[in-house]
Amino acid sequence: MKQLVVSLIEQSIATLKQSGAFDTDLQANIQVENTRDKQHGDLASNVALTLAKAARRNPREIAQMICDHLPAATEVSKTEIAGPGFINFFISQDATATVLNSILELGDQYGQCQVGADQHVQIEFVSANPTGPLHVGHGRGAAYGASLGNLLSAAGYKVQREYYVNDAGRQMNILAASVWLRYLALEGETMPFPSNGYQGEYVKDIATALHKRVGSNLKHSAAEVSKDLPADAPEGDKEAHIDAIIDRAQQLLGDENYQLLFAAGLDSIRDDIKDDLADFNVTFDNWFSERSLSQEDQIERAIKKLQDNDHIYEQDGALWFRSTAFGDDKDRVVKRDNGQTTYFASDIAYHLNKFERGFDTVINIWGADHHGYITRVKAALTAMGLDAERLVVKLVQFAILYRGEERVPMSTRSGSFVTLRELRDEVGKDASRFFYVTRKTEQHMDFDLELAKSDSKDNPVYYIQYAHARICTILAKLAVEDMTWDQTQGLANLQLLSETAEIDLMQQLALYPEVIASAALAYEPHQVAHYLRDLAGNFHTYYNAHRMKIDDAALRNARLTLSSATRQVLANGLQLLGVAAPERM
RNA sequence: CCCCUCGUAGUUCAAUGGAUAGAAUAGGGCCCUCCUAAGGCUUAGAUGUAGGUUCGAUUCCUACCGAGGGGACCA
């Protein structure tokens with residue numbers, strides 16, 4: 001419809017140029033937008049305002065000229081000039097109602113579009129360290145990434161969803177050591193738990209499972225383990241203390257048994273995260289192991305690539321990437337003087353790997369605490385001869401948790417956090433998903449657990465689901481009143497849908513494909529959430545004002561057809577957000 | 001000190017540079033002999049401060065104030 005109006009305006013301007021009223025070289029940038037206020041018609045263009053300067057006339061005069069020369073179109077019932085020079089278009093009821101044909105024909109495909117043009121996009125998100133269960137802080141990134149993936153798919157992109165498993169770093173060794181100490185305790189070998197170890201109950205659970213499986217095979221005496229360890233905090237250095245325990249574990253257990261221990265922690269937590277996310281309706285196509293990078297020499301290869309391009313230098317025994325040449329604040333170490341590559345080096349290799357897999361666009365969803373990495377990662381990509389523009393980093397601001405007035409402190413290490421699982425149990429999957437994804441990612445958000453738990457009516461997701469369920473119930477209970485719904489008859493009688501509420505609802509339904517395209521291009525699923533809220537509101541208003549189960553068969557069929565189309569769009573939108581569309585509530 | 005994000009009704013959030021800044025909740029007042037009142041109607045209420053860019057700024061730029069997060073040969 002927008003396209004039609006644009007072309008009408010184009011034709012009018014062309015006519016005016018031919019008649020000499022406008023200069024032939026006048027360039028018109030024709031924008032047509034949906035009006036916010038129905039008094040301004042259905043579509044509006046500001047073209048006259050933008051032409052005012054070039055044409056040296058006042059905007060209202062130009063608008064009048066354009067209106068006078070618009071070709072006739074049955075879809076447009078009326079045009080008006082308003083305000084400073086807007087041209088408002090009123091769309092006929094007939095043209096509006098045709099959207100119901102599309103919706104019912106396309107079903108769950110309605111709203112899909114091809115703005116993605118089959119481009120391959122990878123979305124990497126969550127990627128939390130597998131050192132403990134996900135907490136509510138991860139929930140936002142999970143909800144956003146999953147919804148974005150669905151949205152981009154609907155918009156015609158080929159999407160791969162990936163989780164980067166940080167299974168290579170020191171934190172994983174700390175986890176292994178933590179599991180070991182809990183395991184030893186089960187064997188009666190107790191020693192003080194390191195202040196820097198992972199203290200959560202889940203570590204004990206992993207130890208218990210491990211103990212059940214391997215018996216005493218990993219046992220060493222507490223005296224042996226704790227002999228000559230550097231002091232823990234507060235007297236000593238907690239980092240040196242935990243590192244010494246890790247070294248001790250590797251010495252005493254040997255490589256094979258240490259790997260067994262390590263894998264027990266990693267596998268258990270990764271599987272748990274996988275289940276946790278699946279229950280949150282978040283699934284991945286690929287779980288990418290950081291360790292696979294070093295096993296396949298990809299890190300060395302990435303560093304070599306930077307070296308070949310002359311962006312690496314040696315200083316103080318370490319290898320540095322000259323990222324300042326690409327706008328970074330300081331140069332970054334990729335290989336330490338002890339020969340170990342840094343986390344950043346893994347990141348470079350990982351991103352090189354991603355681009356080598358042939359994605360047109362690579363999207364990283366990162367927590368706001370990672371913003372400092374954007375510049376350096378993009379610098380590395382550029383230095384390796386890749387187009388850094390193809391890496392899109394979306395930062396997700398933290399959700400600040402409240403319990404009523406009180407702020408909930410969050411810390412993984414101390415084990416004092418609200419897990420995502422607890423949130424789901426308390427608030428519910430649908431409400432949590434919707435709550436997270438209703439805000440745009442840049443917005444800092446307050447998450448009040450008390451509010452979310454205590455009274456679920458405060459959450460608009462139920463309002464939308466309720467609209468869906470209402471329609472389902474109406475259709476399901478027709479038989480009780482000896483009534484039928486004939487969709488073909490309904491579509492043949494769409495001209496009967498002339499109430500304001502009906503026209504508003506149809507117009508809202510017609511907007512859905514635009515919302516999908518717009519939300520996808522902006523990477524903003526929250527647009528869909530807000531749209532659904534509005535759509536549900538339109539339906540509730542309609543429902544309260546007019547009856548659908550009525551004796552007049554023609555009108556009944558038409559109204560039920562409209563309701564059914566509304567149900568379809570609500571279901572399609574909720575599906576994108578990973579929220580259920582219940583048939584009754 | 002430097003960098004990033006954000007400041008909009010009492011509260012939680014919207015608003016491709018456009019017309020009278022929208023919802024939801026909380027507060028006033030109404031609507032179930034009627035398809036689900038988890039609903040509807042109605043009323044009241046907001047752009048942190050100061051400049052700039054222009055026909056027009058919540059939106060773009062600068063400074064300041066306030067909130068959150070970064071600034072390792074840690075991951």
Once you apply the 3.5 Å cut-off to both distances, tell me the Watson-Crick or G-U wobble partner of B:A37, or none.
none
Looking only at atom C1', what distance separates B:A44 and B:A37, rounded to whole Å?
23 Å
Which value, in whole Å, describes the distance between the P atoms of nucleotides B:G22 and B:U43?
13 Å
Given the structure, check if the side chain of A:Asn88 and the base of B:A19 hold any donor-acceptor pair shorter than 3.5 Å.
yes
Looking at every strand, decide which applies to A:Met445 at a 4.0 Å heavy-atom threshold: base, sugar-phosphate, or nothing.
sugar-phosphate
By centroid distance (under 5.5 Å) and plane angle (under 30°), are A:His530 and B:A14 in a stacked arrangement?
no
Scanning all shown strands, the Watson-Crick or wobble mate of B:C1 with both distances under 3.5 Å is B:G71
Using 30° and 60° as the class boundaries, would you call the ring planes of A:Phe321 and A:His311 parallel, tilted or perpendicular?
perpendicular
Partner nucleotide, any strand, of B:C6 [Watson-Crick/G-U, under 3.5 Å]:
B:G66
Could you tell me which residues satisfy side-chain hydrogen bond (donor to acceptor under 3.5 Å, both in side chains) with A:Lys378, sequence neighbours excluded, listed by chain and number?
none
Determine the contact category for A:Arg533: base if any of its heavy atoms lies under 4.0 Å from a base atom, sugar-phosphate if only primed atoms, P, OP1 or OP2 are that close, otherwise nothing.
sugar-phosphate
Quick check on RNA chain B: between A:Lys549 and A:Glu290, whose nearest nucleotide comes earlier from the 5' end?
A:Lys549
Which part of the nucleic acid, if any, lies within contact of A:His546, taking any heavy atom under 4.0 Å across all strands shown: a base, the sugar-phosphate backbone alone, or nothing?
base
Using modelled atom types and a 3.5 Å cut-off, is there a donor and acceptor pairing between side-chain atoms of A:His526 and backbone atoms of A:Val437?
no
Is A:Arg470 near enough to B:A37 that one of its side-chain N or O atoms lies under 4.0 angstrom from OP1 or OP2?
yes
Give me the distance, rounded to whole Å, that separates B:A21 from B:C64 when you measure between the P atoms they each carry.
31 Å
Please state the P separation for the pair B:A63 and B:C1 - nearest whole angstrom.
14 Å
Output all residues satisfying side-chain hydrogen bond (donor to acceptor under 3.5 Å, both in side chains) with A:Gln465, sequence neighbours left out; order by chain, then residue number.
A:Asp430
For B:A23, give its Watson-Crick or G-U wobble partner with both distances under 3.5 Å, or none.
B:U12
Under 4.0 Å, counting only non-hydrogen atoms across every strand here, what does A:Ala545 touch: a base, just sugar-phosphate, or nothing?
nothing
Got a donor-acceptor pair under 3.5 Å from the side chain of A:Asp369 to the base of B:G70?
no
Base of B:U5, side chain of A:His444 - is there a donor-acceptor contact under 3.5 Å?
yes
Does B:A57 have a Watson-Crick or wobble partner in any strand here, with both distances under 3.5 angstrom, and which is it?
none
P-based separation of B:C31 from B:G69 [nearest Å]:
50 Å
So what does A:Asn166 hit on the nucleic acid, given a heavy-atom distance under 4.0 Å: a base, only sugar-phosphate, or nothing?
nothing
Picking from B:U36, B:C55, B:C73, the nucleotide nearest the side-chain atoms of A:Asp316 would be B:C73
Check ion pair A:Glu300-A:Lys335 (N to O, under 4.0 angstrom)
yes
May I ask you to decide whether A:Arg170 forms a salt bridge with A:Glu239, counting only side-chain N to carboxylate O separations under 4.0 Å?
yes
Judged by whether its glycosidic angle lies within 90° of 0, B:C61 is anti
Measuring to OP1 and OP2 of B:U5, would you say a side-chain N or O of A:Lys440 lies under 4.0 angstrom away?
no
Can you identify which nucleotide, out of B:C73, B:A15, B:C41, has its nearest atom closest to the A:Thr541 side chain?
B:C41
